[in-house]
2 protein chains.
Amino acid sequence: MKDQDAKTLSNTQRAVRDLRQMILSGELAAGTDHLESELAETLGMSRTPIREAALMLESKGLLEMRPRKGVRILPVSSDDMREIYDILTELESLAAQRAAEASYSEDELAVLAGSIAKMDQAIEAEDLEAWAEADELFHQELVRLGGNKRVEAIVAMMSDQVSRARATTLFIRPLPVKSNEDHRVVFQAISEGQPDIARERHREHRLQAMAMLCGILEKHRLNSL
Amino acid sequence: MKDQDAKTLSNTQRAVRDLRQMILSGELAAGTDHLESELAETLGMSRTPIREAALMLESKGLLEMRPRKGVRILPVSSDDMREIYDILTELESLAAQRAAEASYSEDELAVLAGSIAKMDQAIEAEDLEAWAEADELFHQELVRLGGNKRVEAIVAMMSDQVSRARATTLFIRPLPVKSNEDHRVVFQAISEGQPDIARERHREHRLQAMAMLCGILEKHRLNSL
DNA sequence: GCATTTATTTGCGTATACATTAAAGAATGC
DNA sequence: GCATTCTTTAATGTATACGCAAATAAATGC
(Lines give C-alpha, C1' and ligand atoms only; values in the text may rest on other atoms or scores of the structure.)
Protein backbone atom coordinates (compact mmCIF):
# COMPACT_ATOMS: atom_id res chain seq x y z
CA MET A 1 0.00 0.00 0.00
CA LYS A 2 2.82 2.32 0.86
CA ASP A 3 4.41 1.02 -2.32
CA GLN A 4 1.42 2.03 -4.39
CA ASP A 5 1.55 5.29 -2.61
CA ALA A 6 5.08 6.26 -3.36
CA LYS A 7 5.72 4.41 -6.55
CA THR A 8 2.77 4.56 -8.89
CA LEU A 9 0.93 7.63 -7.73
CA SER A 10 2.19 11.13 -8.28
CA ASN A 11 2.12 13.58 -5.42
CA THR A 12 -0.72 15.39 -7.12
CA GLN A 13 -2.76 12.21 -7.24
CA ARG A 14 -1.99 11.45 -3.63
CA ALA A 15 -3.02 14.95 -2.68
CA VAL A 16 -6.32 14.56 -4.52
CA ARG A 17 -7.00 11.28 -2.79
CA ASP A 18 -5.94 12.42 0.67
CA LEU A 19 -7.63 15.81 0.56
CA ARG A 20 -10.83 14.23 -0.68
CA GLN A 21 -10.71 11.72 2.13
CA MET A 22 -10.05 14.44 4.67
CA ILE A 23 -13.00 16.44 3.38
CA LEU A 24 -15.41 13.50 3.29
CA SER A 25 -14.41 12.40 6.77
CA GLY A 26 -14.78 15.88 8.16
CA GLU A 27 -11.15 16.16 9.15
CA LEU A 28 -11.22 19.25 7.01
CA ALA A 29 -14.48 20.69 8.22
CA ALA A 30 -17.04 22.35 5.98
CA GLY A 31 -16.67 26.09 5.87
CA THR A 32 -13.10 26.15 7.09
CA ASP A 33 -10.21 27.83 5.27
CA HIS A 34 -6.79 26.39 4.70
CA LEU A 35 -3.71 27.96 3.24
CA GLU A 36 -2.00 26.15 0.43
CA SER A 37 1.20 26.14 2.42
CA GLU A 38 -0.48 24.56 5.45
CA LEU A 39 -1.94 21.77 3.37
CA ALA A 40 1.42 21.33 1.72
CA GLU A 41 3.12 20.88 5.05
CA THR A 42 0.39 18.57 6.31
CA LEU A 43 0.74 16.26 3.33
CA GLY A 44 4.48 16.62 3.20
CA MET A 45 4.89 18.06 -0.25
CA SER A 46 5.35 21.43 -1.92
CA ARG A 47 2.61 23.82 -2.92
CA THR A 48 2.67 22.82 -6.57
CA PRO A 49 0.92 19.42 -6.29
CA ILE A 50 -1.38 20.87 -3.63
CA ARG A 51 -2.50 23.59 -5.99
CA GLU A 52 -3.06 21.09 -8.77
CA ALA A 53 -5.07 18.84 -6.50
CA ALA A 54 -7.10 21.77 -5.19
CA LEU A 55 -7.91 22.81 -8.73
CA MET A 56 -9.29 19.36 -9.45
CA LEU A 57 -11.28 19.18 -6.25
CA GLU A 58 -12.62 22.62 -7.00
CA SER A 59 -14.06 21.45 -10.29
CA LYS A 60 -15.59 18.52 -8.45
CA GLY A 61 -17.37 20.98 -6.19
CA LEU A 62 -15.69 20.02 -2.94
CA LEU A 63 -13.81 23.22 -2.31
CA GLU A 64 -13.22 26.70 -3.58
CA MET A 65 -9.96 28.54 -4.06
CA ARG A 66 -10.22 32.12 -2.95
CA PRO A 67 -7.18 34.29 -3.53
CA ARG A 68 -5.53 35.25 -0.24
CA LYS A 69 -8.20 33.56 1.85
CA GLY A 70 -7.01 30.07 1.26
CA VAL A 71 -8.81 26.96 0.17
CA ARG A 72 -12.34 26.89 1.55
CA ILE A 73 -14.04 23.57 2.14
CA LEU A 74 -17.51 24.04 0.72
CA PRO A 75 -20.45 23.52 3.03
CA VAL A 76 -23.62 21.97 1.64
CA SER A 77 -26.85 23.76 2.36
CA SER A 78 -30.27 22.17 2.15
CA ASP A 79 -30.75 24.08 -1.09
CA ASP A 80 -27.60 22.42 -2.39
CA MET A 81 -29.01 19.09 -1.31
CA ARG A 82 -32.11 19.74 -3.37
CA GLU A 83 -30.05 20.60 -6.42
CA ILE A 84 -27.95 17.50 -6.03
CA TYR A 85 -30.81 15.12 -5.33
CA ASP A 86 -32.70 16.47 -8.31
CA ILE A 87 -29.76 15.53 -10.48
CA LEU A 88 -29.27 12.16 -8.84
CA THR A 89 -32.94 11.41 -9.31
CA GLU A 90 -32.82 12.06 -13.04
CA LEU A 91 -29.53 10.40 -13.81
CA GLU A 92 -29.98 7.33 -11.65
CA SER A 93 -33.46 6.77 -13.05
CA LEU A 94 -31.97 6.91 -16.50
CA ALA A 95 -29.35 4.40 -15.42
CA ALA A 96 -32.03 2.09 -14.02
CA GLN A 97 -33.90 2.27 -17.32
CA ARG A 98 -30.78 1.57 -19.35
CA ALA A 99 -29.77 -1.26 -17.05
CA ALA A 100 -33.19 -2.86 -17.55
CA GLU A 101 -32.83 -2.46 -21.32
CA ALA A 102 -29.48 -4.21 -21.30
CA SER A 103 -30.91 -7.58 -20.21
CA TYR A 104 -28.01 -8.48 -17.96
CA SER A 105 -27.45 -12.04 -16.89
CA GLU A 106 -27.89 -13.14 -13.30
CA ASP A 107 -24.11 -13.18 -13.01
CA GLU A 108 -23.79 -9.62 -14.16
CA LEU A 109 -26.38 -8.55 -11.62
CA ALA A 110 -24.64 -10.37 -8.79
CA VAL A 111 -23.05 -7.28 -7.28
CA LEU A 112 -26.34 -5.43 -7.29
CA ALA A 113 -28.12 -8.39 -5.70
CA GLY A 114 -25.31 -8.67 -3.19
CA SER A 115 -25.66 -5.07 -2.14
CA ILE A 116 -29.34 -5.63 -1.43
CA ALA A 117 -28.56 -8.70 0.64
CA LYS A 118 -26.02 -6.71 2.60
CA MET A 119 -28.55 -3.99 3.28
CA ASP A 120 -31.00 -6.55 4.58
CA GLN A 121 -28.42 -8.04 6.90
CA ALA A 122 -27.38 -4.59 8.08
CA ILE A 123 -30.95 -3.70 8.94
CA GLU A 124 -31.45 -6.86 10.91
CA ALA A 125 -28.24 -6.18 12.78
CA GLU A 126 -29.25 -2.51 13.04
CA ASP A 127 -25.81 -1.62 11.77
CA LEU A 128 -26.37 1.72 10.11
CA GLU A 129 -22.80 2.19 8.94
CA ALA A 130 -22.90 -1.13 7.14
CA TRP A 131 -26.27 -0.27 5.66
CA ALA A 132 -25.00 3.07 4.35
CA GLU A 133 -22.01 1.39 2.77
CA ALA A 134 -24.18 -1.20 1.04
CA ASP A 135 -26.63 1.48 -0.05
CA GLU A 136 -23.83 3.42 -1.65
CA LEU A 137 -22.66 0.26 -3.39
CA PHE A 138 -26.17 -0.31 -4.74
CA HIS A 139 -26.42 3.14 -6.23
CA GLN A 140 -22.91 3.02 -7.59
CA GLU A 141 -23.41 -0.37 -9.19
CA LEU A 142 -26.78 0.63 -10.58
CA VAL A 143 -25.20 3.55 -12.33
CA ARG A 144 -22.36 1.40 -13.58
CA LEU A 145 -24.86 -1.03 -15.09
CA GLY A 146 -26.51 1.92 -16.78
CA GLY A 147 -23.48 1.94 -19.03
CA ASN A 148 -22.93 5.68 -19.30
CA LYS A 149 -19.47 6.68 -18.07
CA ARG A 150 -20.34 10.33 -17.87
CA VAL A 151 -23.40 9.64 -15.76
CA GLU A 152 -21.18 7.53 -13.55
CA ALA A 153 -18.74 10.40 -13.11
CA ILE A 154 -21.42 12.99 -12.42
CA VAL A 155 -23.21 10.80 -9.92
CA ALA A 156 -19.95 10.06 -8.13
CA MET A 157 -19.24 13.78 -7.97
CA MET A 158 -22.66 14.62 -6.57
CA SER A 159 -22.45 11.77 -4.09
CA ASP A 160 -19.18 13.13 -2.79
CA GLN A 161 -20.75 16.50 -2.27
CA VAL A 162 -23.53 15.19 -0.04
CA SER A 163 -21.45 12.59 1.73
CA ARG A 164 -21.03 14.65 4.89
CA ALA A 165 -24.74 15.35 5.06
CA ARG A 166 -25.50 11.67 4.64
CA ALA A 167 -23.18 10.79 7.49
CA THR A 168 -24.94 13.30 9.70
CA THR A 169 -28.50 12.27 8.90
CA LEU A 170 -27.75 8.58 9.10
CA PHE A 171 -28.38 8.42 12.82
CA ILE A 172 -31.37 10.72 12.78
CA ARG A 173 -33.37 9.22 9.96
CA PRO A 174 -35.85 6.37 10.44
CA LEU A 175 -34.58 2.85 9.92
CA PRO A 176 -34.42 2.44 6.14
CA VAL A 177 -36.82 -0.44 5.80
CA LYS A 178 -38.86 1.17 3.06
CA SER A 179 -35.67 1.97 1.21
CA ASN A 180 -34.77 -1.68 1.02
CA GLU A 181 -38.13 -2.57 -0.41
CA ASP A 182 -37.64 0.06 -3.07
CA HIS A 183 -34.29 -1.37 -4.03
CA ARG A 184 -35.75 -4.79 -4.37
CA VAL A 185 -38.49 -3.55 -6.67
CA VAL A 186 -36.00 -1.73 -8.85
CA PHE A 187 -33.77 -4.76 -8.97
CA GLN A 188 -36.63 -6.96 -10.04
CA ALA A 189 -37.61 -4.60 -12.84
CA ILE A 190 -34.03 -4.60 -14.07
CA SER A 191 -33.61 -8.35 -13.96
CA GLU A 192 -36.96 -8.84 -15.71
CA GLY A 193 -36.09 -6.31 -18.37
CA GLN A 194 -38.77 -3.71 -17.67
CA PRO A 195 -37.15 -0.35 -18.37
CA ASP A 196 -40.13 1.90 -17.74
CA ILE A 197 -40.91 0.32 -14.41
CA ALA A 198 -37.28 0.36 -13.31
CA ARG A 199 -37.05 4.01 -14.22
CA GLU A 200 -40.26 5.03 -12.54
CA ARG A 201 -39.75 3.03 -9.38
CA HIS A 202 -36.27 4.30 -8.90
CA ARG A 203 -37.43 7.83 -9.51
CA GLU A 204 -40.05 7.51 -6.80
CA HIS A 205 -37.48 6.00 -4.49
CA ARG A 206 -35.18 8.95 -4.96
CA LEU A 207 -37.91 11.54 -4.63
CA GLN A 208 -38.97 10.07 -1.32
CA ALA A 209 -35.40 9.86 -0.09
CA MET A 210 -34.87 13.51 -0.93
CA ALA A 211 -38.07 14.60 0.78
CA MET A 212 -37.10 12.71 3.89
CA LEU A 213 -33.53 14.00 4.00
CA CYS A 214 -34.43 17.62 3.36
CA GLY A 215 -37.21 17.31 5.90
CA ILE A 216 -34.78 16.12 8.53
CA LEU A 217 -32.28 18.81 7.72
CA GLU A 218 -34.81 21.57 7.99
CA LYS A 219 -36.42 20.16 11.09
CA HIS A 220 -33.07 20.05 12.81
CA ARG A 221 -32.01 23.38 11.36
CA LEU A 222 -29.01 21.78 9.74
CA ASN A 223 -28.62 24.38 7.09
CA SER A 224 -25.05 23.78 6.12
CA LEU A 225 -22.91 20.72 6.57
CA MET B 1 -10.69 44.24 -23.65
CA LYS B 2 -6.96 43.89 -23.59
CA ASP B 3 -7.19 45.59 -20.23
CA GLN B 4 -9.56 42.97 -18.94
CA ASP B 5 -7.18 40.46 -20.35
CA ALA B 6 -4.07 41.59 -18.62
CA LYS B 7 -5.41 43.23 -15.53
CA THR B 8 -8.28 41.28 -14.05
CA LEU B 9 -7.66 37.80 -15.38
CA SER B 10 -4.84 35.60 -14.22
CA ASN B 11 -2.75 33.80 -16.81
CA THR B 12 -4.36 30.55 -15.77
CA GLN B 13 -7.81 31.96 -16.44
CA ARG B 14 -6.71 33.33 -19.78
CA ALA B 15 -5.23 29.97 -20.65
CA VAL B 16 -8.50 28.23 -19.79
CA ARG B 17 -10.46 30.66 -21.89
CA ASP B 18 -8.10 30.62 -24.84
CA LEU B 19 -7.47 26.90 -24.90
CA ARG B 20 -11.19 26.22 -24.68
CA GLN B 21 -11.81 28.58 -27.54
CA MET B 22 -9.07 26.97 -29.60
CA ILE B 23 -10.55 23.55 -28.96
CA LEU B 24 -14.13 24.52 -29.74
CA SER B 25 -13.08 26.30 -32.91
CA GLY B 26 -11.01 23.37 -34.06
CA GLU B 27 -7.78 25.33 -34.06
CA LEU B 28 -6.61 22.58 -31.74
CA ALA B 29 -8.00 19.62 -33.65
CA ALA B 30 -9.61 16.62 -32.02
CA GLY B 31 -7.19 13.79 -31.52
CA THR B 32 -4.06 15.90 -31.75
CA ASP B 33 -1.35 16.04 -29.11
CA HIS B 34 0.36 19.14 -27.82
CA LEU B 35 3.28 19.50 -25.48
CA GLU B 36 2.81 21.70 -22.48
CA SER B 37 5.82 23.71 -23.53
CA GLU B 38 4.38 24.30 -27.03
CA LEU B 39 1.10 25.56 -25.62
CA ALA B 40 3.01 27.71 -23.18
CA GLU B 41 4.95 29.32 -25.98
CA THR B 42 1.83 29.77 -28.11
CA LEU B 43 0.01 31.58 -25.34
CA GLY B 44 3.09 33.45 -24.20
CA MET B 45 3.33 32.21 -20.66
CA SER B 46 5.18 29.59 -18.66
CA ARG B 47 4.19 25.97 -18.22
CA THR B 48 2.68 26.50 -14.79
CA PRO B 49 -0.54 28.27 -15.80
CA ILE B 50 -0.82 26.00 -18.83
CA ARG B 51 -0.73 22.94 -16.63
CA GLU B 52 -3.32 24.41 -14.31
CA ALA B 53 -5.58 25.29 -17.21
CA ALA B 54 -5.14 21.85 -18.74
CA LEU B 55 -6.09 20.25 -15.45
CA MET B 56 -9.34 22.20 -15.42
CA LEU B 57 -10.14 21.46 -19.02
CA GLU B 58 -9.39 17.83 -18.37
CA SER B 59 -12.03 17.67 -15.68
CA LYS B 60 -14.42 19.33 -18.10
CA GLY B 61 -13.82 16.50 -20.52
CA LEU B 62 -12.21 18.54 -23.28
CA LEU B 63 -8.75 17.05 -23.13
CA GLU B 64 -6.62 14.46 -21.47
CA MET B 65 -3.15 14.82 -20.01
CA ARG B 66 -0.98 11.87 -20.87
CA PRO B 67 2.49 11.87 -19.39
CA ARG B 68 5.15 12.30 -22.07
CA LYS B 69 2.62 12.23 -24.88
CA GLY B 70 1.38 15.70 -24.33
CA VAL B 71 -2.07 17.12 -23.92
CA ARG B 72 -4.52 15.27 -26.16
CA ILE B 73 -7.58 17.03 -27.46
CA LEU B 74 -10.35 14.53 -26.94
CA PRO B 75 -12.35 13.44 -29.96
CA VAL B 76 -16.05 12.76 -29.56
CA SER B 77 -17.34 9.49 -30.96
CA SER B 78 -20.96 8.80 -31.80
CA ASP B 79 -21.06 6.70 -28.62
CA ASP B 80 -19.92 9.74 -26.69
CA MET B 81 -22.66 11.73 -28.39
CA ARG B 82 -25.22 9.24 -27.15
CA GLU B 83 -23.92 9.47 -23.61
CA ILE B 84 -23.98 13.23 -23.70
CA TYR B 85 -27.39 13.57 -25.31
CA ASP B 86 -28.84 11.12 -22.82
CA ILE B 87 -27.67 13.40 -20.05
CA LEU B 88 -28.81 16.56 -21.78
CA THR B 89 -32.22 15.01 -22.34
CA GLU B 90 -32.72 14.22 -18.67
CA LEU B 91 -31.32 17.41 -17.22
CA GLU B 92 -32.88 19.83 -19.68
CA SER B 93 -36.25 18.16 -19.27
CA LEU B 94 -35.92 18.61 -15.55
CA ALA B 95 -35.06 22.25 -16.13
CA ALA B 96 -38.11 22.70 -18.35
CA GLN B 97 -40.30 21.20 -15.66
CA ARG B 98 -38.83 23.40 -12.96
CA ALA B 99 -39.08 26.47 -15.14
CA ALA B 100 -42.77 25.75 -15.67
CA GLU B 101 -43.25 25.31 -11.93
CA ALA B 102 -41.67 28.67 -11.22
CA SER B 103 -44.43 30.68 -12.90
CA TYR B 104 -42.14 33.26 -14.41
CA SER B 105 -43.46 36.58 -15.59
CA GLU B 106 -43.49 37.51 -19.25
CA ASP B 107 -40.54 39.75 -18.57
CA GLU B 108 -38.53 36.97 -17.08
CA LEU B 109 -39.26 34.81 -20.10
CA ALA B 110 -38.22 37.53 -22.53
CA VAL B 111 -34.83 36.09 -23.32
CA LEU B 112 -36.30 32.66 -24.01
CA ALA B 113 -38.98 34.17 -26.24
CA GLY B 114 -36.32 36.26 -27.95
CA SER B 115 -34.23 33.21 -28.74
CA ILE B 116 -37.22 31.60 -30.44
CA ALA B 117 -37.86 34.71 -32.48
CA LYS B 118 -34.22 34.73 -33.54
CA MET B 119 -34.44 31.13 -34.63
CA ASP B 120 -37.49 31.89 -36.74
CA GLN B 121 -35.75 34.79 -38.42
CA ALA B 122 -32.66 32.69 -38.99
CA ILE B 123 -34.67 29.96 -40.68
CA GLU B 124 -36.37 32.41 -42.96
CA ALA B 125 -33.01 33.88 -43.88
CA GLU B 126 -31.61 30.34 -44.08
CA ASP B 127 -28.76 31.51 -41.89
CA LEU B 128 -27.70 28.32 -40.17
CA GLU B 129 -24.98 29.90 -38.08
CA ALA B 130 -27.43 32.39 -36.64
CA TRP B 131 -29.91 29.61 -36.02
CA ALA B 132 -27.35 27.54 -34.16
CA GLU B 133 -26.41 30.48 -32.00
CA ALA B 134 -30.03 31.19 -31.11
CA ASP B 135 -30.67 27.51 -30.48
CA GLU B 136 -27.80 27.42 -28.04
CA LEU B 137 -29.16 30.50 -26.33
CA PHE B 138 -32.56 28.83 -25.99
CA HIS B 139 -31.15 25.76 -24.33
CA GLN B 140 -28.85 27.77 -22.12
CA GLU B 141 -31.60 30.09 -20.99
CA LEU B 142 -34.00 27.22 -20.44
CA VAL B 143 -31.54 25.60 -18.11
CA ARG B 144 -30.92 28.89 -16.34
CA LEU B 145 -34.64 29.28 -15.75
CA GLY B 146 -34.65 25.79 -14.28
CA GLY B 147 -32.87 27.34 -11.33
CA ASN B 148 -30.35 24.61 -10.62
CA LYS B 149 -26.77 25.88 -10.83
CA ARG B 150 -25.29 22.44 -10.95
CA VAL B 151 -27.52 21.42 -13.82
CA GLU B 152 -26.43 24.59 -15.56
CA ALA B 153 -22.77 23.71 -15.10
CA ILE B 154 -23.18 20.11 -16.24
CA VAL B 155 -25.19 21.08 -19.30
CA ALA B 156 -22.61 23.72 -20.24
CA MET B 157 -19.88 21.12 -19.89
CA MET B 158 -21.68 18.59 -22.05
CA SER B 159 -22.51 21.23 -24.62
CA ASP B 160 -18.85 22.12 -24.91
CA GLN B 161 -17.99 18.53 -25.54
CA VAL B 162 -20.33 18.17 -28.50
CA SER B 163 -19.76 21.62 -29.91
CA ARG B 164 -17.42 20.46 -32.65
CA ALA B 165 -19.85 17.78 -33.71
CA ARG B 166 -22.68 20.31 -33.82
CA ALA B 167 -20.65 22.60 -36.03
CA THR B 168 -19.99 19.72 -38.40
CA THR B 169 -23.53 18.43 -38.66
CA LEU B 170 -25.04 21.88 -38.95
CA PHE B 171 -24.68 21.96 -42.71
CA ILE B 172 -25.67 18.36 -43.27
CA ARG B 173 -28.81 18.18 -41.19
CA PRO B 174 -32.25 19.10 -42.53
CA LEU B 175 -33.47 22.64 -42.01
CA PRO B 176 -34.52 22.74 -38.35
CA VAL B 177 -38.16 23.67 -38.90
CA LYS B 178 -39.51 20.95 -36.65
CA SER B 179 -37.05 21.98 -33.98
CA ASN B 180 -38.51 25.46 -33.87
CA GLU B 181 -42.02 24.12 -33.44
CA ASP B 182 -40.78 22.03 -30.51
CA HIS B 183 -39.26 25.05 -28.86
CA ARG B 184 -42.47 26.96 -29.18
CA VAL B 185 -44.47 24.17 -27.58
CA VAL B 186 -42.05 23.94 -24.68
CA PHE B 187 -42.10 27.69 -24.25
CA GLN B 188 -45.87 27.73 -24.14
CA ALA B 189 -45.99 25.01 -21.50
CA ILE B 190 -43.53 26.97 -19.39
CA SER B 191 -45.34 30.27 -19.69
CA GLU B 192 -48.67 28.59 -18.92
CA GLY B 193 -47.21 26.78 -15.93
CA GLN B 194 -47.61 23.20 -17.08
CA PRO B 195 -44.59 21.35 -15.71
CA ASP B 196 -45.44 17.86 -16.90
CA ILE B 197 -46.10 18.97 -20.43
CA ALA B 198 -42.98 21.13 -20.55
CA ARG B 199 -40.93 18.22 -19.31
CA GLU B 200 -42.39 15.67 -21.67
CA ARG B 201 -42.32 17.86 -24.75
CA HIS B 202 -38.78 18.89 -24.19
CA ARG B 203 -37.80 15.30 -23.62
CA GLU B 204 -39.30 14.28 -26.94
CA HIS B 205 -37.59 17.19 -28.62
CA ARG B 206 -34.21 16.09 -27.32
CA LEU B 207 -34.74 12.43 -28.13
CA GLN B 208 -35.56 13.30 -31.72
CA ALA B 209 -32.60 15.64 -31.99
CA MET B 210 -30.30 12.91 -30.73
CA ALA B 211 -31.71 10.33 -33.12
CA MET B 212 -31.23 12.70 -36.01
CA LEU B 213 -27.71 13.72 -35.09
CA CYS B 214 -26.48 10.21 -34.41
CA GLY B 215 -28.16 9.06 -37.59
CA ILE B 216 -26.28 11.65 -39.58
CA LEU B 217 -22.99 10.87 -37.93
CA GLU B 218 -23.28 7.17 -38.63
CA LYS B 219 -24.54 7.66 -42.13
CA HIS B 220 -21.56 9.83 -42.93
CA ARG B 221 -19.21 7.60 -40.98
CA LEU B 222 -18.23 10.51 -38.80
CA ASN B 223 -17.12 8.41 -35.90
CA SER B 224 -14.94 10.86 -34.11
CA LEU B 225 -14.94 14.61 -34.24
C1' DG C 1 20.13 -8.57 -40.28
C1' DC C 2 17.79 -8.93 -35.84
C1' DA C 3 17.40 -8.78 -31.05
C1' DT C 4 19.02 -6.90 -26.92
C1' DT C 5 21.29 -3.83 -24.30
C1' DT C 6 23.15 0.68 -23.46
C1' DA C 7 23.26 5.85 -24.21
C1' DT C 8 20.87 9.89 -24.97
C1' DT C 9 17.33 12.77 -25.24
C1' DT C 10 13.33 14.95 -23.69
C1' DG C 11 9.02 15.99 -21.36
C1' DC C 12 7.00 15.83 -17.05
C1' DG C 13 6.45 16.25 -11.94
C1' DT C 14 7.81 18.89 -8.35
C1' DA C 15 10.47 22.11 -5.57
C1' DT C 16 11.74 26.65 -5.13
C1' DA C 17 12.23 31.61 -5.85
C1' DC C 18 10.17 35.86 -6.45
C1' DA C 19 7.14 39.73 -7.82
C1' DT C 20 2.60 41.27 -7.00
C1' DT C 21 -0.99 42.83 -4.41
C1' DA C 22 -4.61 42.34 -1.08
C1' DA C 23 -5.22 42.57 3.66
C1' DA C 24 -3.87 43.67 8.24
C1' DG C 25 -1.68 46.80 11.31
C1' DA C 26 0.52 51.19 12.56
C1' DA C 27 0.73 55.89 12.45
C1' DT C 28 -1.04 60.29 11.61
C1' DG C 29 -4.37 64.08 11.53
C1' DC C 30 -8.53 65.85 13.12
C1' DG D 1 -11.76 58.33 19.63
C1' DC D 2 -12.41 57.82 14.69
C1' DA D 3 -11.26 58.05 10.05
C1' DT D 4 -7.54 58.01 6.75
C1' DT D 5 -3.28 57.18 4.92
C1' DC D 6 0.98 54.80 5.02
C1' DT D 7 3.68 50.44 6.19
C1' DT D 8 4.24 46.03 6.65
C1' DT D 9 3.09 41.45 6.14
C1' DA D 10 2.00 37.45 3.87
C1' DA D 11 -0.39 34.45 0.40
C1' DT D 12 -0.87 33.94 -4.11
C1' DG D 13 0.29 33.55 -9.23
C1' DT D 14 3.90 32.56 -12.10
C1' DA D 15 8.56 31.67 -13.71
C1' DT D 16 12.31 28.77 -13.39
C1' DA D 17 15.35 24.92 -12.19
C1' DC D 18 16.17 20.25 -11.97
C1' DG D 19 15.88 15.14 -11.22
C1' DC D 20 13.70 11.22 -13.01
C1' DA D 21 11.74 8.12 -15.94
C1' DA D 22 10.10 7.04 -20.47
C1' DA D 23 10.86 7.03 -25.18
C1' DT D 24 14.06 7.07 -28.77
C1' DA D 25 18.46 6.30 -30.87
C1' DA D 26 22.83 4.00 -30.96
C1' DA D 27 25.66 0.26 -30.21
C1' DT D 28 26.73 -4.28 -29.31
C1' DG D 29 26.36 -9.34 -29.59
C1' DC D 30 24.75 -13.10 -32.04
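Residue numbering restarts at 1 for every chain, and letters A, B, ... go by the order of the sequence lines. Computed from a predicted model, the values in this text were never measured in an experiment.
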Quiz item: In terms of the nearest nucleotide of DNA chain C, which residue is placed more toward the 5' end: A/G44 or B/G70?
Solution: B/G70
Exercise. Working to the nearest 0.5 Å, report the span between CD1 of B/I190 and CZ of B/R199.
Key: 12.5 Å
Quiz item: At under 4.0 Å, does any side-chain N or O of B/S10 touch on OP1 or OP2 of D/dT12?
Solution: no
Quiz prompt | Euclidean distance, atom CD of residue B/E41 to atom P of C/dT10 [Å, nearest integer] | solution = 15 Å
Quiz item: Rounded to the Å, how far apart are A/Q13 CD and C/dC12 P?
Solution: 15 Å
Quiz item: Parallel, tilted or perpendicular for B/H139 and B/H205, by the 30°/60° rule?
Solution: parallel
Quiz item: Is there a donor in the side chain of B/D86 and an acceptor in the side chain of B/T89, or the other way round, less than 3.5 Å apart?
Solution: no
Practice problem: Take the protein atom CD of B/E36 and the nucleotide atom P of D/dT16, then report the distance between them rounded to whole Å. | Solution: 16 Å
Exercise. Could you please spell out the steps behind the salt bridge (charged side-chain N to carboxylate O under 4.0 Å, His left out) verdict for B/R51 and B/E36?
Key: CA-CA 7 Å; B/R51 271 181 71 84; B/E36 291 174 7; 3.0 Å; yes
Exercise. Taking atom types as modelled, find out whether B/D80 and B/S77 have a side-chain donor-acceptor pair closer than 3.5 angstrom.
Key: yes
Quiz item: How close or far is atom C1' of D/dA22 from atom CG of B/L35, stated in whole angstroms?
Solution: 14 Å
Practice problem: Rounded to the nearest angstrom, tell me the gap between atom CZ in B/R51 and atom P in D/dA15. | Solution: 14 Å
Quiz item: Taking atom C1' of D/dT12 as reference, at what distance in whole Å does atom CD of A/E52 sit?
Solution: 15 Å
Self-check item: Any donor-acceptor N or O pair under 3.5 Å, side chains A/Q140, A/E136
Solution: no
Quiz item: Rounded to the Å, how far apart are B/E38 CD and C/dT10 P?
Solution: 13 Å
Quiz item: About how many Å separate CE of B/M45 and OG of B/S10, when rounded to the nearest 0.5 Å?
Solution: 8.5 Å
Quiz item: Could you state the CE-C1' distance from A/M45 to C/dA15, rounded to the nearest angstrom?
Solution: 12 Å
Self-check item: Contact state string [nucleotides 16-26 of chain C, B base, S sugar-phosphate only, - no protein heavy atom under 4.0 Å]
Solution: BB--BBB----
Quiz item: Distance check: side-chain N/O of B/N11 vs OP1/OP2 of D/dT14, anything under 4.0 Å?
Solution: yes
